[in-house]
Amino acid sequence: MAAAIDGVFQRAFVSHIKPRKADPKKTQHIFVMMAAHHHSPMLNRDLAAQWASKNLPVKSVDLWFAATGLERRKDLFTALQLSSSTLSRAKPDTTLDAAVTERMLRQSDLFVRAAEVFGEEGTAWMTKPHDLLGGKAPVEYATNEFGGAKVRAILNAIEYGGVV
């Protein structure tokens, strides 16, 4: 999943922001292997901090939904706080507000983490109501950084044990 999501951001930002003839050896990826002993991809928070203030091209939304396995029609507002009517009015060259980019990065980080913990069932876990989140699904609860931190804490507790 990390590679698929990374591809969305590469298409959205690298081709949109950098010149077309950028050196492929200098391409920065949003998910990286942080250390040799850590086998799971981790969000490159420095790069995410840079990209979170940028406007995403509207075409990135469909690519992101395909990468995460969410149902766009059902989860568009829940995951990104974005209405379908906004997207339907958008022209192909339209960019979305940077707040959408930030939400997309946060949710991407959580989806990759859920896939690490649950494997193929990670997306399903993110969309099912959870008692520790007041009956909300993790994808719904994580629409801001505080909710995202709580979802991340639950995933860590599930994987490593501990109290949430």
Side-chain angles (χ1 to χ4, degrees), residues 1-20 22 24 27-32 40-130 133 135-152 154-155:
M1 179 176 289
I5 292 173
D6 187 73
V8 172
F9 287 103
Q10 290 300 314
R11 278 181 238 125
F13 288 117
V14 176
S15 64
H16 183 68
I17 294 169
K18 292 183 179 180
R20 293 250 180 228
T27 300
Q28 291 183 301
H29 296 278
I30 198 69
F31 286 99
V32 295
S40 301
M42 297 182 72
L43 183 70
N44 178 339
R45 295 199 178 274
D46 291 333
L47 187 57
Q50 292 172 27
W51 286 358
S53 63
K54 307 274 191 243
N55 298 346
L56 264 174
V58 72
K59 63 185 173 190
S60 301
V61 172
D62 288 331
L63 296 172
W64 186 80
F65 273 92
T68 60
L70 287 174
E71 294 178 42
R72 182 180 180 267
R73 189 179 303 252
K74 177 180 150 199
D75 297 316
L76 179 64
F77 189 79
T78 303
L80 302 178
Q81 302 292 293
L82 190 60
S83 72
S84 57
S85 61
T86 298
L87 289 182
S88 67
R89 291 189 307 268
K91 294 178 174 52
D93 61 340
T94 301
T95 57
L96 299 168
D97 187 80
V100 175
T101 305
E102 192 272 335
R103 283 190 291 271
M104 196 177 284
L105 287 163
R106 181 184 330 101
Q107 294 285 14
S108 296
D109 185 30
L110 294 172
F111 271 92
V112 168
R113 185 74 183 103
E116 290 174 27
V117 174
F118 295 105
E120 296 285 324
E121 297 300 315
T123 298
W125 184 85
M126 287 290 293
T127 59
K128 290 185 180 166
H130 198 287
L133 302 174
K136 290 184 177 183
V139 69
E140 181 182 8
Y141 199 82
T143 57
N144 61 58
E145 187 52 39
F146 303 107
K150 175 84 175 199
V151 172
R152 199 172 294 109
I154 291 170
L155 286 165

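Position 1 is the first residue of the sequence, and the numbers go up from there.
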Task: Candidate pair His130 and Tyr141, rule side chain to side chain contact (heavy atoms under 4.5 Å, CB included), full reasoning - done: CA-CA 10 Å; His130 198 287; Tyr141 199 82; over 6 Å; no
Open item on the list: Could you go through Val112 and Leu43, starting from their C-alpha distance and side-chain angles, then the distance that decides it, and tell me whether this counts as side chain to side chain contact (heavy atoms under 4.5 Å, CB included)?
Closed with: CA-CA 9 Å; Val112 168; Leu43 183 70; over 6 Å; no
- [ ] Assess whether side chain to side chain contact (heavy atoms under 4.5 Å, CB included) is satisfied between Asp109 and Arg45, documenting all intermediate values.
- [x] CA-CA 10 Å; Asp109 185 30; Arg45 295 199 178 274; 2.9 Å; yes
- [ ] Show your working on side chain to side chain donor-acceptor pair (under 3.5 Å) between Ser88 and Ser85 and close with a plain yes or no.
- [x] CA-CA 5 Å; Ser88 67; Ser85 61; 5.6 Å; no
Open item on the list: For Phe31 and Met1: C-alpha separation, side-chain torsions, deciding distance, then whether side chain to side chain contact (heavy atoms under 4.5 Å, CB included) applies.
Closed with: CA-CA 10 Å; Phe31 286 99; Met1 179 176 289; over 6 Å; no
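Note that the CD1 atom of Ile154 and the CZ atom of Arg113 stand 12.5 Å from one another [nearest 0.5 Å]. To the nearest 0.5 angstrom, Leu87 atom CG is 6.0 Å from Leu96 atom CG. Between the CG atom in Asp62 and the CZ atom in Arg72 there is a gap of 4.5 Å [rounded to 0.5 Å]. Atom-to-atom distance recorded for Leu56:CG and Phe9:CZ is 6.0 Å, nearest 0.5 angstrom. To the nearest 0.5 Å, atoms CD (Gln81) and CG (Leu76) are separated by 9.5 Å. With values rounded to the nearest 0.5 angstrom, Leu47 atom CG is found 4.0 Å from Ile30 atom CD1.
Considering all non-hydrogen atoms of both residues, Ala2 and Pro41 come closest at CB-CG, 3.5 Å. Contact record, Ala142 with Leu110: CB-CD1, 3.4 Å, taken as the closest heavy-atom pair. Shortest non-hydrogen contact noted between Gly135 and Pro129 is O-CB, 3.1 Å. Summarising the geometry of Leu105 relative to Ala48, their closest heavy-atom pair is CD1-O, 3.6 Å, with the distance given to 0.1 Å. Pairing each heavy atom of Ala67 with each of Val8, the nearest pair is CB-CG2, 3.9 Å. Nearest approach of Val58 to Pro92, heavy atoms of both residues: CG1-O, 4.0 Å.
Put simply, the side chain of Arg106 gets close to the backbone of Thr143: a donor and an acceptor are under 3.5 Å apart. Using modelled atom types, no side-chain atom of Thr78 and backbone atom of Asp75 make a donor-acceptor pair closer than 3.5 Å. Under a 3.5 Å cut-off, the side chain of Gln107 and the backbone N or O of Arg103 do not form any donor-acceptor pair. At distances below 3.5 Å, not a single donor-acceptor pair connects side-chain atoms of Thr68 with backbone N or O atoms of Ser108. Not a single donor-acceptor pair under 3.5 Å links the side chain of Asn55 to the backbone N or O of Thr95. Not one N or O on the side chain of Glu102 forms a donor-acceptor pair closer than 3.5 Å with the backbone of Ala52. Thr86 contributes no side-chain N or O that, together with a main-chain N or O of Leu82, makes up a donor-acceptor pair within less than 3.5 Å.
At a threshold of 4.5 Å between non-hydrogen side-chain atoms, the residues Lys150 and Leu133 count as touching. Here the side chains of Phe118 and Met126 are not in contact, with every heavy-atom distance at 4.5 Å or above. Contact of the Asp6 side chain with the Val32 side chain is not registered, since no non-hydrogen atoms from C-beta on lie closer than 4.5 Å.
A salt bridge does not link Lys128 with Glu140: none of the charged nitrogens is closer than 4.0 Å to a carboxylate oxygen.
Counting only N and O atoms by type, the side chains of Thr101 and Trp51 include no donor and acceptor under 3.5 Å apart.
Relative orientation of the Trp64 and Phe111 rings is perpendicular, given thresholds of 30° and 60° on the angle between their planes.
Within 6.0 Å of CD on Glu121 lie no more than 12 heavy atoms contributed by other residues, nucleotides or ligands.
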